[in-house]
Amino acid sequence: MRLKQGFYQKDAVQAAKDLLGKVIVRKYNDKTIKVKIVETEAYCGAEDKASHAHNNKKTKRTAPMFKKGGHSYIYLIYGMYYCLNVVTAAENNPHAVLIRAVEPLKGLNYIKENRQIKSSKIENLTNGPGKLSQALKINKNLDGCNLIESDFLYIIDTETEEFEIENSPRINIDYAEEYKDKKWRFFIKNNKYISRS
DNA sequence: AGGAGGATGGACT
DNA sequence: GTCCATCCTCCTT
């Protein structure tokens, strides 16, 4: 079942944990890809120095973070890769969850098609934020889209096996001063598709 | 198993 | 001009 508006009306830390095990559905050109979320990071409102929306900084790029929970926030990083975030909490409270790694469930052939790499290891296809965006053909066109209504990108809840959640500091946010040690990265314990241990 | 180097572009000072 | 919520390949231990 598709996650509804209510699911997203919570702070990013809670949402980052709740999103683990949920399934992202991506459709384009009559193709369907499904992947399970196995690793996330929470970026928490105006106080969080790691967040693009620190001090409520609202620009063309960060505007989607200020939307009501349940929208996407997609930005270009290092000139080459896109990162997919799920906006949470209330309108004008810029919380978002970065999807850092996913596990392929359906459409593996399409994922391989979208990811041209030498390595043939399945784990290397979607175990990082830039990788999974490439695998799912995620780009600026999907920035700010409504995950409750979109036919191209949304998240569903399915029967999943029990799992344990581990946490750690977030990746590559050395600039965030006292916020860089917050353990706001969450991942499924022992899952082989996480970006790093 | 881990580091160097490069690719590449938008946002911001 | 500098900084990035990154990744890939090739190289040395």
Side-chain angles (χ1 to χ4, degrees), chain A residues 11-17 19-20 24 35 37-67 69 71-89 93-104 111-145 147 153 166-188 192-197:
Chain A
D11 67 272
V13 169
Q14 188 59 48
K17 293 185 230 177
L19 279 168
L20 292 175
I24 299 176
V35 294
I37 300 171
V38 301
E39 179 179 338
T40 58
E41 279 179 6
Y43 289 85
C44 294
E47 323 82 59
D48 186 355
K49 290 186 179 175
S51 173
H52 294 163
H54 179 227
N55 283 339
N56 281 318
K57 189 172 72 172
K58 190 173 184 178
T59 65
K60 195 166 191 176
R61 178 174 69 150
T62 66
M65 286 188 76
F66 292 81
K67 292 190 177 192
H71 289 264
S72 64
Y73 167 45
I74 296 161
Y75 63 91
L76 182 67
I77 186 69
Y78 296 110
M80 299 190 60
Y81 297 99
Y82 291 101
C83 288
L84 169 65
N85 293 249
V86 174
V87 175
T88 75
N93 187 6
H95 283 237
V97 176
L98 170 66
I99 310 299
R100 282 198 55 88
V102 299
E103 173 180 339
I111 289 175
K112 285 180 176 167
E113 186 174 282
N114 296 335
R115 298 261 306 134
Q116 302 290 340
I117 52 173
K118 279 196 173 179
S119 165
S120 56
K121 298 185 74 173
I122 309 273
E123 306 92 69
N124 288 333
L125 292 170
T126 56
N127 61 346
K131 299 183 193 183
L132 72 92
S133 296
Q134 203 172 64
L136 300 189
K137 261 198 190 310
I138 284 170
N139 53 51
K140 269 294 197 191
N141 296 337
L142 293 166
D143 186 27
C145 90
L147 301 173
L153 181 65
E166 281 205 86
N167 64 351
S168 81
R170 293 169 288 179
I171 309 292
N172 286 345
I173 51 152
D174 289 343
Y175 56 85
E177 299 176 21
E178 75 270 25
Y179 278 84
K180 83 173 144 66
D181 297 321
K182 301 269 185 200
K183 294 189 166 183
W184 287 347
R185 169 178 177 247
F186 302 93
F187 53 97
I188 294 179
K192 66 180 190 177
Y193 295 92
I194 60 176
S195 65
R196 58 177 90 175
S197 8

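Lettering of chains follows the sequences in order, A, B, ..., and the numbering in each one begins at 1.
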In whole angstrom, what separates Ile74(A)'s CD1 from dT6(C)'s P? 16 Å
Of all residues at least two apart in sequence or in a different chain, which pass the side chain to side chain donor-acceptor pair (under 3.5 Å) check with His52(A)? Tyr73(A)
Would the distance check show the side chain of Glu39(A) and the main-chain N or O of Ser195(A) forming a donor-acceptor pair, the cut-off being under 3.5 Å? yes
Using the criterion of both pairing distances under 3.5 Å for Watson-Crick and G-U wobble pairs, give all stems of 3 or more consecutive pairs involving DNA chain C. B:1-7 with C:6-12, B:9-12 with C:1-4
Going through the distances and angles, do Val87(A) and His95(A) end up as a side-chain contact (heavy atoms from CB on, under 4.5 Å)? CA-CA 6 Å; Val87(A) 175; His95(A) 283 237; over 6 Å; no
Set of residues satisfying salt bridge (Lys or Arg N to Asp or Glu O under 4.0 Å) with respect to Glu177(A), sequence neighbours excluded: Lys49(A)
Polar side-chain atom of Thr62(A) near backbone of Met65(A) as donor-acceptor pair, under 3.5 Å: no
Throw together a table of side-chain donor-acceptor distances under 3.5 angstrom for residues 130-142 of chain A, partners on residues two or more places apart or in other chains.
from	atom 1	to	atom 2	distance (Å)
Lys131(A)	NZ	Asn127(A)	OD1	2.7
Ser133(A)	OG	Tyr82(A)	O	2.8
Ser133(A)	OG	Pro129(A)	O	3.1
Gln134(A)	OE1	Arg115(A)	NH1	2.6
Asn139(A)	OD1	Asn141(A)	N	2.9
Asn139(A)	OD1	Asn141(A)	ND2	3.4
Lys140(A)	NZ	Ile74(A)	O	3.3
Lys140(A)	NZ	Asp143(A)	OD2	3.4

Just checking Gly79(A): base, sugar-phosphate only, or nothing, at a heavy-atom cut-off of under 4.0 Å? base
For Thr40(A) and Val86(A), run side-chain contact (heavy atoms from CB on, under 4.5 Å): C-alpha distance rounded to whole Å, both residues' side-chain angles, the deciding distance at 0.1 Å, then the answer. CA-CA 10 Å; Thr40(A) 58; Val86(A) 174; over 6 Å; no
Is_stacked (Tyr75(A), dA5(C)) at 5.5 Å, 30 deg: no
Checking Ile188(A), Leu19(A), Thr126(A), Ile99(A) against Val38(A) for side chain to side chain contact (heavy atoms under 4.5 Å, CB included), the one that qualifies is Ile188(A)
Met65(A) CE to dA5(C) P, straight-line distance once rounded to whole Å: 12 Å
Could you list the residues that satisfy side chain to side chain contact (heavy atoms under 4.5 Å, CB included) with Lys182(A), not counting sequence neighbours? Arg170(A), Tyr179(A), Trp184(A)
Sequence neighbours left out, what pairs pass salt bridge (charged side-chain N to carboxylate O under 4.0 Å, His left out) with at least one residue falling in residues 53-63 of chain A? none
Roughly how many Å is it from NE2 in His54(A) to P in dC4(C), rounded to a whole number? 14 Å
Shortest non-hydrogen contact from Glu41(A) to Tyr43(A)? OE1-OH, 2.7 Å
Spacing between Tyr82(A) atom OH and dC7(C) atom P, to the nearest angstrom: 15 Å
Position toward the 5' end of DNA chain B (nearest nucleotide), Tyr78(A) or Lys140(A): Tyr78(A)
Taking the P atom in each of dG5(B) and dA5(C), what is the distance between them to the nearest angstrom? 23 Å
CZ of Arg170(A) versus P of dC4(C): gap in Å, rounded? 14 Å
Residues forming a side chain to side chain donor-acceptor pair (under 3.5 Å) with Glu113(A), sequence neighbours excluded: Lys31(A)
Which residues in residues 172-187 of chain A have a heavy atom closer than 4.0 Å to any atom of DNA chain C? Asn172(A), Ile173(A), Tyr175(A)
Listed pairs, N/O of protein and of nucleotides 8-12 of chain C, under 3.5 Å:
from	atom 1	to	atom 2	distance (Å)
dC8(C)	OP1	Arg115(A)	NH1	3.0
dC8(C)	OP1	Arg115(A)	NH2	2.3
dC8(C)	OP2	Lys131(A)	NZ	3.3
dT9(C)	OP1	Lys118(A)	N	3.1

List for me each residue that meets salt bridge (Lys or Arg N to Asp or Glu O under 4.0 Å) alongside Asp11(A), sequence neighbours excluded, and say none if there are none. none
By side chain to side chain donor-acceptor pair (under 3.5 Å), which residues pair with Asn85(A), not counting sequence neighbours? none
Students should find this one: the first and last nucleotides of DNA chain B, 5' to 3', lying under 4.0 Å from a heavy atom of chain A. What are they? dA7(B) to dC12(B)
Between dT6(C) atom C1' and Leu98(A) atom CG, what is the distance in whole Å? 11 Å
Roughly how many Å is it from CZ in Arg196(A) to P in dA5(C), rounded to a whole number? 13 Å
